[in-house]
Amino acid sequence: MTAAQYAALLGLWIAGIISPGPDVLVILRNAFLTTRGKAMLTAAGVMVGNLMWITLSLTGVTLVINSNHVLKLVIQIAGALFLARMGYGSLRAGLAARALNRGGTGHAETSDPEARAGLAARVCTDGQDGPGGSAGFSGPVDPDVAASPAASAGTIGGPAFSKAGGLLGTRNLTSGKALLQGTITNLANAKAIVFFIALFATVVPADILWWEGLIALALLMAVGLAWFLAVAWFGSVPALARRFQTRSAEVEIVAGVVFLLVAVLLLVEVVLAG
């Protein structure tokens, strides 16, 4: 590959990754509602997914997937359903938190055990809410969360702590879950198949040497990681994060709606392509 081809590859790559999408959304959601460390791990997870896509593209696997209608259809539907599930979880958690806040019971400091149990039961389904779930009425507090801007702002246990739980949510988000959220969100976007095929078919020669492929891989990974880590860092700036954490219900609702819209668009593409 020539220097001009590498430059063209990087230009197309940058144009693709800076476009708002599920990757940026999940990083910002975790940056706003958890901690900088968890947001950066989410960004790293996104790049793990991209590493898989780039490797598959360089080895020609994405071309095989694209040419196999059934396999491509399965990947598209599975990805859309995952994004829809994530969107539903965020939307549901946001609506439940807002309902509790409007009822004047959004804070967990109430000393009445029956009231605490009643509030937990009102939003307890699928193991994501209730005790240890999105309502935040019981269970240990993550040390990272306790040290986050939300804690210093006095919102832990209140509106900012009413978050979706489980693997896809932000409640008690562990480092492993943050990394996994980024990876799965990236892989769930089946549009990546078309993007990477177009990216490599445009500027990468068919007879690319193995060491040239490694250089291309390293360049794409370095630029992508720098971008997504920057998104995570700026999204978790304390002054900015505190503003969003005090409106955590709205953040969850907006994130949920966007994830659902992306899922619907992916499913519409599947139907139209069929």
Side-chain angles (χ1 to χ4, degrees), residues 22 25-36 38-39 42 83-174 177-178 181 185 235-236 238-263:
L25 179 61
V26 73
I27 293 170
L28 287 178
R29 185 197 67 170
N30 289 353
F32 293 155
L33 301 184
T34 62
T35 66
R36 175 168 290 168
K38 301 298 171 54
T42 307
L83 293 176
R85 180 64 185 86
M86 178 174 281
Y88 168 77
S90 287
L91 181 61
R92 181 177 170 280
L95 291 174
R98 191 167 67 171
L100 292 177
N101 294 339
R102 284 180 174 178
T105 55
H107 296 275
E109 291 80 7
T110 175
S111 58
D112 185 351
E114 293 184 2
R116 288 161 59 93
L119 290 173
R122 285 168 57 187
V123 293
C124 182
T125 57
D126 300 332
Q128 292 193 23
D129 301 310
S134 72
F137 296 121
S138 63
V141 175
D142 189 322
D144 285 344
V145 174
S148 70
S152 61
T155 55
I156 291 295
F161 210 48
S162 297
K163 308 168 189 173
L167 175 62
L168 308 182
T170 55
R171 174 74 167 91
N172 286 339
L173 184 66
T174 65
K177 287 181 180 179
Q181 281 184 8
T185 300
S236 56
L240 178 64
R242 272 193 291 268
R243 291 187 178 184
F244 282 100
Q245 285 166 342
T246 58
R247 309 291 295 179
S248 64
E250 286 74 13
V251 172
E252 291 281 19
I253 290 172
V254 171
V257 169
V258 174
F259 277 126
L260 286 171
L261 286 176
V262 172

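Residues Ala241 and Gly235 share a closest heavy-atom pair of CB-O, 4.2 Å. Residues Lys38 and Thr34 come closest through the heavy atom pair CB-OG1, 3.6 Å. Closest heavy-atom contact between Phe32 and Leu240: CE2-CD2, 4.2 Å. Considering all non-hydrogen atoms of both residues, Ser90 and Arg29 come closest at OG-NH1, 3.0 Å. Heavy atoms only, all atoms of each residue included: Asn30 and Ala39 are closest at C-CB, 4.2 Å. Across all their heavy atoms, Leu173 and Gln181 have their closest contact at CD1-NE2, 3.4 Å.
Note: Thr185 OG1 to Phe259 CZ = 5.5 Å, rounded to the nearest 0.5 Å. Remark: Ile253 CD1 to Glu250 CD distance equals 5.5 Å, nearest 0.5 Å. Separating the CG atom in Leu25 from the CG atom in Leu83 is a distance of 9.5 Å, to the nearest 0.5 Å.
When side chains are defined from C-beta on, Thr174 counts as touching Lys177, because their heavy atoms get closer than 4.5 Å. Looking at heavy atoms from C-beta onward, Leu33 lies in side-chain contact with Glu252 at the 4.5 angstrom threshold.
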